[in-house]
Structures are given as C-alpha cells and as structure tokens.
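What follows is a short report on a single structure.
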Amino acid sequence: MTETRLRFPPSPTGYLHIGGARTALYNWLYAKKTGGKLILRIEDTDTERSTAESIDGILDGLKWLGIDWDEGPYFQTQFSADHIAAAERLISQGNAYKCFCTKEELDAKREAALASKGNLGYDGTCRNLTQALIREKEAAGIPFVVRFKVPERQGKLGYDDKVLGRIECDYREVDDFVIVRSNGLPLYLLCNVVDDIRDRITHIIRGQDHMTNTTRQVLLYEALGSPVPVFAHMPLTLDTKKAKISKRSHGEIVAVHFYREHGFIPWAFNNFLVLLGWSPGDDREFFSREELIEAFTLERINKSSSIFNFRKDDPKFFTDPKAIAINEHYLRTMAIDEIGEMVRQELETDGLWDDDYAGERKDWYLKTLDLIRDRFHTLKDFTTLGRAYFAEDYQIDDKPLQKNVLKFPGLQQWLPVLADRYEQLAEFTAEEAERLARELAEEVDVKPGVIINGMRTVITGQLAGPSMFDVLMTIGRDRVVQRLRETGRLF
RNA sequence: GUCCUCAUCGUCUAGUCAGGUCCAGGACACCGGCCUUUCACGCCGGCAACACCGGUUCAAAUCCGGUUGGGGACGCCA
C-alpha cells in the first residue's frame with residue numbers, strides 16, 4: 001500500500017478560524033493514524049485578498065494547536081506554470097474552450113435566471129464556436145476565460161464519499177465552469193486538482209461546502225488522466241442560527257487566536273473541535289493525542305452538521321459551554337508541571353512572573369496552582385481570579401465585598417486582632433489558624449463563617465475558593481497578617 | 001428557483017449499515033439535594049429527543065416511499 005498523503009490548503013484571506021482548524025485537525029489525525037504525511041499548502045491564487053499577515057496567522061494558529069505538517073508550506077502561486085500548462089493541455093485535448101462572454105453579459109443572464117426562477121449555470125454560448133470565429137475574436141483582442149467542457153453523457157456523474165456514501169448528479173446539471181480567468185490566471189478548481197496530483201494527495205478531507213466542487217473536480221481528474229483521490233466531506237459547523245460560520249459574520253468568536261487569548265489549553269481545544277462532527281462510538285470524550293489518533297476513523301465522521309453553541313454576551317459563558325467544560329477538565333487533570341509551564345506564560349505576560357517560581361519556590365508555585373486550579377475555567381483565571389496569590393494589586397470583587405465584608409462592620413476590628421494572633425503564633429499551621437479563627441468568632445459572638453469568609457474576601461478578593469486555611473498557608477503568614485491588618489481600607 | 005445533502009434531548013452525540021436486548025444511553029447546560037468556612041470544586045438525583053405521514057414486518061429510532069424542515073452549492077473567491 002502506498003503512503004497516505006493528506007493536505008491542508010487554507011487560503012490566506014484572514015485568520016485561522018475553527019472551521020479551518022477542524023479541517024486541519026481531521027487531516028492531521030488521519031495522516032498520523034495511517035503513518036502518512038500532511039502537506040500544508042497555502043492557496044494564495046486570489047492575489048486580491050491574500051495577505052502575508054493571514055499566512056502568519058494561520059501558521060501561528062496551527063502551531064499553537066500543535067498541528068504539525070510534514071511538507072510545505074507550499075505556495076500555490078509558485079506553481080502557476082503547472083496550472084497554465086494543465087489548462088493548455090485541456091484546451092488542446094478538447095476538454096476546455098475559450099469563452100468570450102463578458103462579465104456584464106453573464107451577470108445579466110444570471111440575474112434574469114434568478115428572476116425567472118431558472119437555472120443559474122452558464123448557458124454554453126461559446127461552447128461550440130468555430131475555429132474561425134475564435135481566431136477572429138482573439139485577433140480583435142476580445143478577452144476570454146477558459147471553461148471546462150463538461151462531457152455530454154447519459155447517466156450520472158459522481159464519486160464515493162467516505163462519510164456520505166455515493167454522491168451523484170446528472171451530467172446536464174453541471175455547467176461549463178471557468179478554469180482560467182481573463183487575465184490568464186487559473187482558478188481554484190483547476191489549481192487545486194493540479195496541485196493535489198503533483199503532491200500525490202491520496203485522501204481529501206474537507207467540508208461539505210465543497211461537495212459540488214468535488215463533482216466538477218472529478219471531471220478534471222479524469223481529463224488530466226489521474227486517479228481520483230478518496231474524498232471525505234466532513235459536516236459543516238453552523239452558528240446558533242444554523243448559518244455557516246464565517247470570519248466575516250462572526251468575527252473573533254470563531255477565530256482560533258481568540259481561544260488562545262482566552263486561556264484555552266491547546267489540546268483541550270483540539271479535543272473540543274474533534275467532537276464537533278466525529279465521535280469514537282463509545283462514551284469517551286477525553287483523549288490524549290495518542291488515544292485520539294488511535295480512535296479516529298473517517299467512517300465515524302458524522303453526516304449532519306453541528307452547531308457551535310457559542311453565546312454572545314452571556315455573562316457566564318464566553319463561548320460554547322462544552323468547550324469550556326473540556327478546557328476545565330484538562331485544567332484539573334493535566335500534570336501540574338505542564339500546567340505550570342502554561343501559567344508561567346500568563347504570569348509573564350502580566351508581569352507577575354518571578355524566576356524563583358522555577359527555582360527555589362518551584363514547589364510553592366506548583367502547589368499553589370494545584371490548590372487553586374480546581375475552580376478555574378481557563379489559564380487566564382490564574383492572573384485574574386487567582387491574582388492574590390501572585391501579587392498585591394488584586395481586585396476585591398464587589399459581590400463578596402458586600403456579602404462578606406461590608407455587612408459586618410465588626411470585621412474592621414476583628415480581622416486585625418486575628419492578624420496579631422497569627423503573627424504571634426509559634427507555628428503557623430492550618431490547624432492552628434483555624435483554631436484561632438473559631439476562637440475569635442466565639443469571643444465576638446459571630447458564626448465562624450463570618451470571620452472565615454470575611455478573611456477569604458480580604459485576602460483573596462474572591463467569594464469562593466479552596467479551603468480557607470489551606471489558602472492561608474499558601475499565601476503565607478506575612479502576607480496574611482498584612483492583608484488582614486488593612487481590612488479597614490475596604491470600608 | 002435548480003442541484004446536492006442532512007434529520008435522535010437546548011447543545012455535542014451513542015444507537016441506524018447486520019430491525020427485537022432502546023417506553024432510547026453518555027456528556028455539556030439547566031434544575032434539585034448532599035458536602036462545606038465559601039464556591040462557578042466534588043458527590044447524588046432530576047428534567048429533556050427518535051421531525052411528520054404512509055408502507056414493509058410478528059416487531060421500526062433502525063428498512064422503503066413521500067412530506068416538512070435545515071444546510072450547502074449554483075463566482076473571472078478559495
């Protein structure tokens with residue numbers, strides 16, 4: 001069996017979005033699973049819209065996700081000669097012809113067809129021009145495009161899709177499509193096939209929005225005398241209103257970089273993406289890289305499209321709750337030193353990193369992360385909700401401030417008293433700290449919770465958190481004492 | 001409009017190819033309870049779906065037909 005060769009061919013017209021990332025992921029998984037190769041090819045033939053920034057963005061996105069490739073990136077524009085040669089070959093073989101219809105004529109016809117509810121395809125005006133007429137028009141300098149001449153055959157045109165099964169349509173349903181622009185530059189349908197043939201691509205995994213392209217490209221493979229690769233059309237990802245997600249209409253929320261910037265763990269995001277249109281067939285939802293490669297098959301890709309259930313302006317979920325839940329799972333279960341590396345990036349970005357965290361305080365650093373990670377959702381939470389562990393400029397949230405502090409004015413006196421007692425303690429342990437806190441509560445005749453939760457808010461700024469006395473040990477006596485003494489500033 | 005295609009809880013899905021073990025399982029979300037010094041931690045429980053109509057069959061979420069609904073494509077974009 002020959003090696004499987006897959007490709008991810010993004011067009012550099014914007015950032016990498018979740019649809020593209022998912023396509024890349026599926027191709028990558030299948031390449032890994034079959035011991036094949038993944039080729040990265042930048043399809044930049046739309047020179048009007050392609051940008052260098054987009055290329056960088058796409059590469060960065062893939063790298064962040066951990067999707068690596070074996071060849072490339074190749075740039076489609078560097079193979080123009082191949083594309084042009086193929087077009088010429090198709091013309092000389094009689095598989096393509098020059099079309100002198102103007103854009104205006106075509107637009108008018110399309111509009112008329114739309115109005116009369118007719119078919120929108122090309123009507124074949126230039127399909128059978130005589131050689132003489134063609135030479136005459138060329139001599140007159142009339143611009144032309146090259147169209148593929150769809151064979152007039154009975155029966156069905158189609159292909160076998162790994163996901164969808166047999167896909168067919170009538171030959172008469174496909175109109176003569178343009179393969180070369182009037183400026184001489186070949187178009188996607190052709191370039192894509194020529195490149196896939198040259199790159200010896202064996203499997204094409206792409207979105208269902210390409211299904212009609214595939215039908216036409218099958219004709220191109222045939223005319224070019226190459227075998228048709230295996231096709232697998234994956235379901236599309238729709239928005240909550242069931243429209244195809246796009247950079248244009250959804251913006252940042254569908255951009256891969258948005259998730260990086262919101263503290264997602266790269267693999268967690270892959271894990272979320274792969275489940276949008278694929279399942280292992282059992283109840284597993286979390287996979288290591290190796291497990292996923294092992295479990296992944298083309299046959300288990302779903303047929304029906306899925307909805308990316310992001311919530312705009314939802315105070316609780318900034319994106320699909322399932323994505324967040326998966327991220328939380330990894331946040332809680334990954335090896336703590338791996339989490340440590342990722343949190344380090346966050347701390348550095350915020351100017352909170354201390355080199356000792358990698359040196360003599362490494363133990364403290366990792367223990368602290370381990371203590372607080374259970375209640376966090378993203379890597380960003382370590383520098384926001386968990387800021388009090390690493391800095392003095394943490395915010396006191398309003399809700400706990402009202403509920404746990406301002407409601408009990410006595411805390412202005414009580415907590416500084418507790419600070420004194422903590423300071424004088426022979427040994428600052430969780431047990432001792434708790435004993436003194438409860439003792440104080442009894443003295444001033446309030447429930448222990450008043451003292452404990454008041455402390456929580458003063459010391460961490462938060463309403464919730466780990467066991468308070470563990471927090472105290474983590475923050476350390478000096479900082480605890482200091483923060484408790486300053487309770488008055490909150491009133 | 002034409003063609004292609006899809007159809008199970010709010011969302012992601014298992015089950016459909018090989019009909020009975022499915023008055024449909026899991027996860028997320030939601031609701032309730034427990035734990036507790038707190039909680040968006042944890043634990044336990046609950047709510048919630050086979051789009052519709054016919055047909056085949058002893059038996060249909062599963063097979064067949066139709067209807068409806070959704071999506072995609074119909075570019076000198078990729």
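All chains are named by letter (A, B, ...) in the order of the sequence lines, taking the proteins before the strands, and each is independently numbered beginning at 1. We use all heavy atoms of the structure for the numbers below, so side chains are in, but hydrogens, waters and symmetry mates are not.
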Taking side chain to side chain contact (heavy atoms under 4.5 Å, CB included) as the criterion, tell me which of A:F286, A:W267, A:F269 meets it with A:I326.
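When side chain to side chain contact (heavy atoms under 4.5 Å, CB included) is applied between A:I326 and each of A:F286, A:W267, A:F269, only A:F286 qualifies.
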Which of these passes side chain to side chain contact (heavy atoms under 4.5 Å, CB included) with A:M234: A:T23, A:V163, A:L164?
A:T23
Without decimals, in angstroms, what is the distance between [X] [atom1] and [N] [atom2]?
X	N	atom1	atom2	value
A:D46	B:G75	CG	P	16 Å
A:K109	B:U2	NZ	C1'	18 Å
A:L275	B:C28	CG	C1'	11 Å
A:F308	B:U11	CZ	P	15 Å
A:K322	B:G10	NZ	C1'	13 Å
A:L190	B:C77	CG	P	14 Å
A:Y188	B:C76	OH	C1'	17 Å
A:E104	B:C76	CD	P	12 Å

Of the options B:A27, B:U11, B:C76, whose atoms approach the side-chain atoms of A:R147 most closely?
B:C76
In whole angstrom, give me the gap between the [atom1] atoms of [N] and [M].
N	M	atom1	answer
B:G15	B:U8	C1'	9 Å
B:C43	B:A48	C1'	22 Å
B:A24	B:C9	C1'	10 Å
B:G32	B:C17	C1'	41 Å
B:G72	B:G20	P	35 Å
B:C64	B:A7	P	12 Å
B:C63	B:C47	P	29 Å
B:C41	B:U36	C1'	11 Å

Can A:H377 and A:N327 be counted as having a side-chain donor-acceptor contact under 3.5 angstrom?
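Short answer, no.
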Quick one about A:S246 and A:S249 (side-chain donor to acceptor, distance below 3.5 Å, no hydrogens or angles considered), yes or no?
yes
Most 5' of A:I167 and A:D107 on RNA chain B, judged by nearest nucleotide
A:I167
Tell me every residue that passes side-chain hydrogen bond (donor to acceptor under 3.5 Å, both in side chains) with [X], counting only those two or more places apart in sequence or in another chain.
X	result
A:T457	A:N404
A:E168	A:R166
A:E285	A:K322

Residues that [X] engages under side chain to side chain contact (heavy atoms under 4.5 Å, CB included), provided they are two or more places apart:
X	result
A:A255	A:Y15, A:H257, A:F258
A:D123	A:K109, A:T125
A:V481	A:A419, A:Y422, A:E423, A:R477, A:R485
A:S80	none

Looking at [N], which nucleotide sits across from it as a Watson-Crick or G-U wobble partner, both distances under 3.5 angstrom, or is there none?
N	answer
B:A7	B:U68
B:A59	none
B:C43	B:G33
B:A73	B:U2

With a non-hydrogen cut-off below 4.0 angstrom, is A:G277 in contact with a base, only sugar-phosphate, or nothing?
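The answer is sugar-phosphate, as A:G277 gets under 4.0 Å only of primed atoms, P, OP1 or OP2.
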Within 45° of the ring axis of A:Y122 and under 6.0 Å from its six-membered ring centre, is that where the NZ or CZ of A:R147 lies?
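Output yes; distance and angle both within limits.
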Flag this pair as yes if the NZ/CZ of A:R22 is under 6.0 angstrom from the six-membered ring centre of A:Y26 and inside a 45 degree cone about the axis; otherwise no.
yes
May I ask you to list the residues of residues 173-183 of chain A, by number, that have any heavy atom positioned under 4.0 Å from an atom of RNA chain B?
A:E173, A:V178, A:R181, A:S182
Protein within reach of the bases, or only the backbone? For [range], mark each nucleotide 5' to 3' as B, S or -, using heavy atoms under 4.0 Å.
range	result
nucleotides 33-44 of chain B	----BBBBSS--
nucleotides 14-20 of chain B	SS-----
nucleotides 61-72 of chain B	---------SSS

Identify whether the distance between the nearest side-chain nitrogen and carboxylate oxygen of A:E439 and A:R435 falls below 4.0 Å.
yes
Under 4.0 Å between a Lys/Arg side-chain N and an Asp/Glu carboxylate O for A:D381 and A:R373?
no
Can a side chain N or O of A:T45 be found less than 4.0 Å away from OP1 or OP2 on B:A78?
yes
Identify all side-chain donor-acceptor contacts of residues 462-474 of chain A below 3.5 Å with residues at least two apart in sequence or on another chain.
{"unit_1": "A:T474", "atom_1": "OG1", "unit_2": "A:D470", "atom_2": "O", "d": "3.0"}

Is a donor-acceptor contact shorter than 3.5 angstrom present between the side chain of A:N309 and the base of B:A29?
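A donor-acceptor contact between them is absent.
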